[in-house]
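One structure is given here, and the rest of the page talks about it.
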Number of protein chains: 2
Amino acid sequence: MSIESERLAVLPPTSRRPGATSADVARVAGVSRSTVSHILNGQVTRFSEETVERVRETAARLGYVPSAAGRSLVLGRSDLVVLAVPNTTLTNVQDIIEAIAADLDDVGYNTVVHFDRGGGPADNLARLQHLVDTLRPAGLVDLGSLSPAALDALEEQGCPLLSPRPRNVRGVDEGNYAIARGQAEHLLERGYTTLAYAYLVDRRDDPFGRMRASVVAEVCADAGLAAPATISVPLDAAGAQTAVCELLRTRGAPVGIACSNDEVAVAVAFAALALRAAVPGDVGVVGVGGGSVGQLVTPRLSTVTFDVRTSVSSIRQAIGHALGGAEEPAGSVPEGTFTVLQGETT
Amino acid sequence: MSIESERLAVLPPTSRRPGATSADVARVAGVSRSTVSHILNGQVTRFSEETVERVRETAARLGYVPSAAGRSLVLGRSDLVVLAVPNTTLTNVQDIIEAIAADLDDVGYNTVVHFDRGGGPADNLARLQHLVDTLRPAGLVDLGSLSPAALDALEEQGCPLLSPRPRNVRGVDEGNYAIARGQAEHLLERGYTTLAYAYLVDRRDDPFGRMRASVVAEVCADAGLAAPATISVPLDAAGAQTAVCELLRTRGAPVGIACSNDEVAVAVAFAALALRAAVPGDVGVVGVGGGSVGQLVTPRLSTVTFDVRTSVSSIRQAIGHALGGAEEPAGSVPEGTFTVLQGETT
DNA sequence: TTGTAGGCGTTATCAG
DNA sequence: CTGATAACGCCTACAA
């Protein structure tokens with residue numbers, strides 16, 4: 001052993017070229033590989049204090065890091081978690097990804113992102129399927145791109161679903177339901193009796209938008225109002241004006257417009273103003289998000305805000321529960337996650 | 001072999017519970033594991049047409065997907081690529097991540113995201129180090145969070161750097177240099193002789209912002225003007241007004257303000273308007289990005305735009321070169337990646 | 001043209 | 001208390 005130490009002492013202390021293996025640690029520490037494995041995995045009680053210390057010190061000195069590949073192979077699953085990101089008008093996707101990745105990192109897992117791409121749901125599911133098959137991840141976090149059937153299939157194959165299964169109210173998950181209902185009811189409260197829903201154009205396939213539009217329609221029906229018109233708004237001034245102009249022509253004023261996000265809402269509001277419509281008055285506009293520039297411009301945007309941290313908290317809890325041994329998650333979107341922020345456009 | 005086929009025929013054709021292994025394929029196809037491995041890895045020429053077909057068909061029928069863990073273990077590196085994302089005011093991080101992940105996916109690699117977190121550069125580097133050690137990724141893509149020394153260290157340890165090493169002009173990479181220079185020169189052209197740089201407040205540590213501010217200062221010095229003031233702008237109307245008011249008090253009007261992104265620029269522009277300053281005139285504002293709502297509001301924002309696809313093209317090329325065998329990348333930011341978009345705030 | 005054997009790094013089981 | 005042994009799924013010489 002002293003010889004080994006001598007040999008190692010010549011090399012740079014903390015880093016060897018291709019990282020040390022547990023066999024290296026065992027050899028240098030003068031024990032067997034299984035002893036190293038046991039000690040480094042917490043089975044400390046059944047070894048002599050002296051051996052434990054020596055193994056730990058040696059591992060640290062050699063900069064030993066367990067190989068994910070080796071672990072995965074023998075454990076049957078990796079320490080990777082797949083994060084499926086929908087191709088939709090999500091506000092602050094970056095912050096959401098970052099928050100979830102941070103949570104996973106805290107409990108020792110790494111995040112593999114999987115974006116929906118062009119090619120349709122079936123193609124995306126096939127890609128995800130392949131990813132799960134080859135990576136054998138410890139779990140899957142879905143941000144909304146997967147159908148219940150797809151989630152079933154993935155779970156059936158032994159890939160635990162870490163995110164809470166959305167509870168559907170007539171095909172609409174709680175979050176989108178609360179958002180759209182908040183928008184529609186706010187517009188009604190502000191006196192608008194003709195509503196419309198504004199999609200963001202060109203988002204390849206947006207299930208969220210369709211859900212929300214249907215909820216707005218439901219609110220209208222419940223209030224005995226005509227079904228809302230829908231418009232498709234591009235994120236440029238001229239195109240937005242065209243869309244809003246067309247809406248005013250067919251439906252007249254006043255009209256309250258629920259928008260798929262704050263960007264669309266800003267486009268709609270300024271388009272209406274450019275068309276010499278009164279905002280609020282002729283046109284009421286309410287967005288979703290609240291985190292972007294909507295609150296910086298004049299007129300200040302009315303919008304449904306939600307705290308990113310709160311809205312991902314159920315996912316965090318579920319992750320903690322499944323992977324970190326935390327307590328049973330509440331499972332429901334907490335009250336007050338979504339609130340209407342009254343601005344100057346309603 | 002016919003017996004095996006019979007047995008399998010009873011099960012659902014495409015999916016078995018825990019994915020089939022290459023041994024399964026070999027057994028069912030009536031060949032050895034190495035034959036399966038060879039054929040599935042493209043060594044097709046040296047087997048009989050009939051065998052190749054049978055192996056392929058069997059693999060497809062069993063839904064065989066090679067285990068990443070097994071591959072990684074024997075190959076010494078995984079098919080994962082680590083994407084290091086800086087904790088900075090990057091425009092469209094989501095789009096960038098998505099584009100890069102798509103490219104990597106095209107050449108058969110999966111993307112593991114690594115965000116900078118609180119704790120300082122050393123801590124983040126240590127986390128990244130551990131990630132590289134345990135995952136043995138096929139490569140690393142850096143979006144700007146790593147120092148040259150850190151890149152050296154990582155490469156030294158056998159983790160290829162897929163993103164082009166930034167060529168520094170006095171500590172500022174080409175992209176940030178072009179952006180800040182474009183902003184400053186545009187303001188000068190529009191007649192502003194007093195410049196300022198507006199940081200986004202509260203971004204934990206923003207090397208990009210400091211780089212750009214230094215470039216603006218350099219442009220001022222070259223033009224024989226006073227050094228630019230710097231202000232720190234929060235993304236709320238009141239705070240932005242305070243910051244702009246303070247700037248006008250100390251530096252007077254007119255002042256041209258280069259902003260760290262479009263959100264900040266919108267905040268500054270509307271804050272100036274709320275303070276009854278003329279925009280443009282008393283206050284000139286130029287942002288960076290062009291993709292957000294800056295082009296939807298009135299006054300329309302002057303900004304330095306860059307096409308996300310173009311600006312990540314060098315990374316794409318480098319990835320293709322290193323991983324996909326594409327031709328040698330050009331290596332430099334193409335001319336015209338960054339252009340000034342004249343709006344109504346200068 | 002195909003098969004055999006060995007090893008990648010880890011963990012679990014069981015024997016000492 | 002500690003160590004030998006056997007997988008996990010894959011790839012690649014080398015042998016036939």
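Just so it is clear: chains get the letters A, B, ... in the order the sequence lines come, proteins before strands, and each one is counted from 1. From a predicted model like this one, the values you see are computed outputs, not experimental measurements.
- Residue pairs meeting the salt bridge (Lys or Arg N to Asp or Glu O under 4.0 Å) criterion with at least one member in residues 62-82 of chain B: none, sequence neighbours excluded.
- Applying the salt bridge (Lys or Arg N to Asp or Glu O under 4.0 Å) test to pairs two or more places apart or on separate chains, those with a residue in residues 137-153 of chain A are A:D152-A:R165.
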Worked verdict on A:S48 versus A:T51 for side chain to side chain donor-acceptor pair (under 3.5 Å): CA-CA 5 Å; A:S48 77; A:T51 301; 2.7 Å; yes

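- Residue contacts for B:S72: at a heavy-atom cut-off of 4.0 Å it reaches no nucleic acid atom on any strand shown.
- Atom CD1 in B:I319 sits 8.0 Å away from atom OG in B:S163 (nearest 0.5 Å).
- For A:A23, the side chain to side chain contact (heavy atoms under 4.5 Å, CB included) partners are A:T21, A:R33, not counting sequence neighbours.
- Nearest heavy-atom pair across A:D116 and A:S145 is OD2-CB, 3.3 Å.
- In terms of heavy atoms, A:I96 sits closest to A:L143 at CG2-CD2, 3.9 Å.
- End-to-end axis angle for the helix from C:dT1-D:dA16 to C:dG16-D:dC1, using five pairs per end and rounding to 10°, comes out at 50°.
- Using modelled atom types, no side-chain atom of B:S72 and backbone atom of A:A69 make a donor-acceptor pair closer than 3.5 Å.
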Footprint string (nucleotides 6-16 of chain D, 5' to 3'): B base within contact, S backbone only, - free, heavy atoms under 4.0 Å: --BBBBB----

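- In this structure, the separation between CG on A:N110 and OG on A:S78 is 9.0 Å, given to the nearest 0.5 Å.
- Taking the 5' to 3' direction, DNA chain C first and last meets chain A under 4.0 angstrom from a heavy atom at C:dG9 to C:dT13.
- Here the closest non-hydrogen pair linking B:H114 and B:N124 is NE2-O, 3.7 Å.
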